[in-house]
2 protein chains.
Amino acid sequence: MRHYQPEKYPPFAVTVDLVVLTIRADRLCALVVRRGERPYLGRWALAGGFVRPDEDLDTAARRELAEETGLPVGSVHLEQLASYGDPARDPRMRVVTVAYLALAPDLPSPRAGTDTVDAKWEPVTDLLGKPATLAFDHHRILGDGVERARSKLEYTPLATAFCPTEFTVAELRRVYELVWDTPIDPRNFHRKVTGVAGLLASTGHTTTRDGGRPAQLYRRGEATLLHPPMLR
Amino acid sequence: MRHYQPEKYPPFAVTVDLVVLTIRADRLCALVVRRGERPYLGRWALAGGFVRPDEDLDTAARRELAEETGLPVGSVHLEQLASYGDPARDPRMRVVTVAYLALAPDLPSPRAGTDTVDAKWEPVTDLLGKPATLAFDHHRILGDGVERARSKLEYTPLATAFCPTEFTVAELRRVYELVWDTPIDPRNFHRKVTGVAGLLASTGHTTTRDGGRPAQLYRRGEATLLHPPMLR
DNA sequence: GCAGTTTTCGTCAAGATGACGATTAGCGGC
DNA sequence: GCCGCTAATCGTCATCTTGACGAAAACTGC
C-alpha cells in the first residue's frame, strides 16, 4: 500500500447531501436545515455532511439523515441520486457531493442537528419556485431529486415509500396526485393498482380513517418493477 | 475562504470510471483497458482516471474517454451513472469514483492511453459471466451500467445512441434485441416505433445496406421521453 | 333511518398489443 | 428481362388496457 501522493491524487472533500421528501398536510415537502456554519451561514440547505474516512457512502447518508434530523430512520427509503462536483460549488475548497434521495411517510417534525440551528419541512413548490433560497447548488439537487421521484413512481413501487406500513388505495393515489400534481380518477386508479402484479399485498384489515366506506388495508408487495407501469 | 483542514475535511481522491457500451458484430460490447500501473497491474479494467483539481465531473469523464481510447468522442452519449465509495475499493487510499455511462455507435477499435497498455471491445456477457476479470469493483459498475442501459431503452430514445446518425428501423430493432437479449417481431416493432411521437425524424433517404427492400432512413427525433414507452 | 362520504364494482368505447398473413421493392444470378 | 431471395412495410384480428363515468356498497354522524 503506497503513501498518499498529493501531486498525483489531488485531494477532494467528499460530502453527502440528502433530498428528503415526505407528504405532509397534502403537500409534497422537502427537509431543509438552517446552516449554523460558514459559508451560507443562516441559509436554508439540504441536510448533509462530510463522509468519514472509513465510511461507505450509503452509510454516511444514513448517518447524516439520523444525525441531522433526529428522525426515526429505519423505515426510510434511501437511494443514491447523483454526484455534483463543479469546482466552484463550495467556496471553501474542492468538494464533491454525493446526493441521496430519501422518501419517508409523514414523520414527526425534525429537530436541529449538530451543524444546524433549525430544521423543517417545506413544500417543494415553494423551494423550487425561489431558486436563491437554498445554499450551494442545492436548488438544482432538489430539482433533480423531485424529478427522479416523479419518474420512478411510474415504473417502480416507490410511491409506497411515502405511505405508512399499511395503507389504503386512496392514500396511495393521493401520493401519485401530489407528486405528479395531477388529479387521478379513483375508480380507474383502483382497478389499475390492484391489477399490477406484486405491487400490493393484502392484509385482510380495513380502515375507515379516510371516512366513507371501509377501505382495504394493503402492505407493499414484493415487486421491484411495475408491469405494466403507471403512466403519467 | 478558509484553509484546508485535513482533520475536519478528510481527503479523498476522486476518479471517474467509464462504462462505454457499443454494438459490434451483433454483440453488446464494453470498452476495457489493460492497466499499466499498480494496483491490478496488467488486469483489465474500465477506462477512467483521476479528476483534476479544477475540472468538473462531466468534463473529466469526457476527457478520460478521449484520452484513454483515442475515440472520436463528439457523437458519444454520456451520462452520469452512480458513485462508488467503499473504503476498501482501492488498496492505495480512499478513492470515490463517479461512474459514467457512455453509449456509442459502432466505432473503430480503441487505442491504448497514457496509463494503459492495451484497450479493446469485449462482449458484456463474457465480462459479466466472469466476475473476477475486472479490476477494483468494476464488475459491479459494469453490471449497473448495463442494467441502466436496459431500462432506459424502455422510456427514453437512448437506443438511438447506439445507431449512426441515420439509421433504419431494423437497425434500431437490432439494438433493442441485443441489449434486452430477446427477439422482437419486426412488424409490430415497426408499427410501434413509427407511432411513438418524436422518436424518429424522417430524412427522406432510403438504403439497401441491410439487403432486401429499401428501408427508410431516420434521424433521432426531439423526444426525450417515450410516450408510450417501449416495454420489455 | 337518512344524508354524506368514500370504496369498490361494472360498462362501454377507443386505443394499444401480440401473432401472423400478405404485399412491396430492391438485389444477384442467369 | 425474369426468377428467386431478402427484408421492409402494410393489414387484419382477437385480446388487453385505458379513460370516462354510472351505480352499488358500507361506513359515520345526526
Side-chain angles (χ1 to χ4, degrees), chain A residues 26 153-155 159-160 163-164 166-178 180-219 223 225-232, chain B residues 26 153-155 159-160 163-164 166-178 180-219 223 225-232:
Chain A
D26 249 26
L153 287 204
E154 295 196 49
Y155 51 96
T160 58
C163 297
E166 299 199 340
F167 55 88
T168 67
V169 172
E171 287 161 359
L172 188 63
R173 174 170 49 85
R174 204 75 196 105
V175 172
Y176 277 92
E177 291 185 324
L178 291 171
W180 284 351
D181 193 29
T182 181
I184 299 174
D185 183 278
R187 297 156 292 187
N188 292 335
F189 183 84
H190 187 277
R191 177 184 58 195
K192 174 136 198 189
V193 92
T194 53
V196 175
L199 175 54
L200 299 180
S202 193
T203 65
H205 312 148
T206 61
T207 181
T208 59
R209 65 189 176 213
D210 301 326
R213 173 174 168 177
Q216 291 292 320
L217 279 169
Y218 294 93
R219 224 173 294 106
L225 233 46
L226 303 187
H227 282 285
M230 310 284 303
L231 298 177
R232 257 181 281 191
Chain B
D26 248 27
L153 287 204
E154 296 197 48
Y155 51 96
T160 58
C163 298
E166 299 200 341
F167 55 90
T168 68
V169 172
E171 287 161 359
L172 189 62
R173 174 168 52 83
R174 204 77 196 103
V175 172
Y176 277 92
E177 291 184 324
L178 290 171
W180 285 349
D181 191 30
T182 180
I184 298 174
D185 183 277
R187 297 158 291 190
N188 292 335
F189 183 84
H190 188 275
R191 177 183 58 195
K192 173 136 199 188
V193 92
T194 52
V196 175
L199 174 54
L200 300 180
S202 194
T203 65
H205 313 147
T206 60
T207 183
T208 59
R209 65 188 176 214
D210 302 325
R213 172 174 170 180
Q216 291 292 320
L217 279 169
Y218 295 93
R219 224 172 297 106
L225 233 44
L226 303 186
H227 281 285
M230 311 283 303
L231 298 177
R232 259 181 282 193

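Quick caveat, the model's predicted, so the values are computed rather than measured. Here is how names work: the chains are called A, B, and so on, in the same order as the sequence lines, proteins then strands, and each is numbered from 1.
The closest side-chain heavy-atom distance from B/E171 to B/D210 is below 4.5 Å. When side chains are defined from C-beta on, A/L200 counts as touching A/F167, because their heavy atoms get closer than 4.5 Å. With a 4.5 Å cut-off on side-chain heavy atoms, A/L226 and A/K192 do not count as touching. Taking 4.5 Å as the limit, every side-chain heavy atom of A/L199 sits out of range of all side-chain heavy atoms of A/Y218.
Rounded to an integer number of Å, the gap from CZ of B/F167 to P of D/dA8 is 14 Å. Taking atom CZ of residue B/R232 and atom P of nucleotide C/dG18, one finds them 14 Å apart after rounding to whole Å. The distance between atom CD1 of A/I184 and atom P of C/dT7, rounded to the nearest whole Å, is 13 Å. Between the CZ atom of B/R174 and the C1' atom of D/dA7 there is a distance of 14 Å, rounded to whole Å. With rounding to whole Å, A/N188 atom CG is found 14 Å from C/dG15 atom C1'. Spacing between atom CZ of B/F189 and atom P of C/dA19 amounts to 15 Å, rounded to whole angstrom units. For the pair B/L217 CG and D/dA7 C1', the interatomic distance rounds to 14 Å; values are reported in whole Å. Remark: C1' of D/dA8 and CD of B/E171 are 12 Å apart, rounded to the nearest angstrom.
Across C/dT8, D/dG19, D/dA8, the shortest atom-to-atom separation from the side chain of B/A170 is found for D/dA8.
Position along DNA chain D of the nearest nucleotide to A/L231 versus A/D185 favours A/L231 as the more 5'-ward residue.
A sub-4.0 Å separation between OP1 or OP2 of C/dA16 and a side-chain N or O of B/K192 is absent. At least one side-chain nitrogen or oxygen of B/H190 sits closer than 4.0 Å to the OP1 or OP2 atom of D/dT9.
In terms of polar N and O atoms assigned as donor or acceptor, the side chain of B/D210 never comes within less than 3.5 Å of the base of D/dA8 in a complementary pairing. The base of D/dG11 lies outside donor-acceptor range of the side chain of B/R187, with no N or O pair under 3.5 Å. The base of C/dG18 sits with one of its N or O atoms less than 3.5 Å from a complementary donor or acceptor on the side chain of B/R191.
Comment: A/R174 engages A/E177 in a salt bridge, judged by a side-chain N to carboxylate O separation of less than 4.0 angstrom.
From A/H227, atom NE2 reaches atom OH of A/Y155 across 12.0 Å, with rounding to the nearest 0.5 Å. Atom CE of A/M230 is separated from atom CD of A/E154 by 9.5 Å, given to the nearest 0.5 angstrom.
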Show each protein N/O and nucleotides 26-30 of chain D N/O combination with a separation under 3.5 Å, one pair to a line.
none

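Among the protein residues, B/R209 comes within range of no part of the nucleic acid, since none of its heavy atoms lies under 4.0 Å from any strand.
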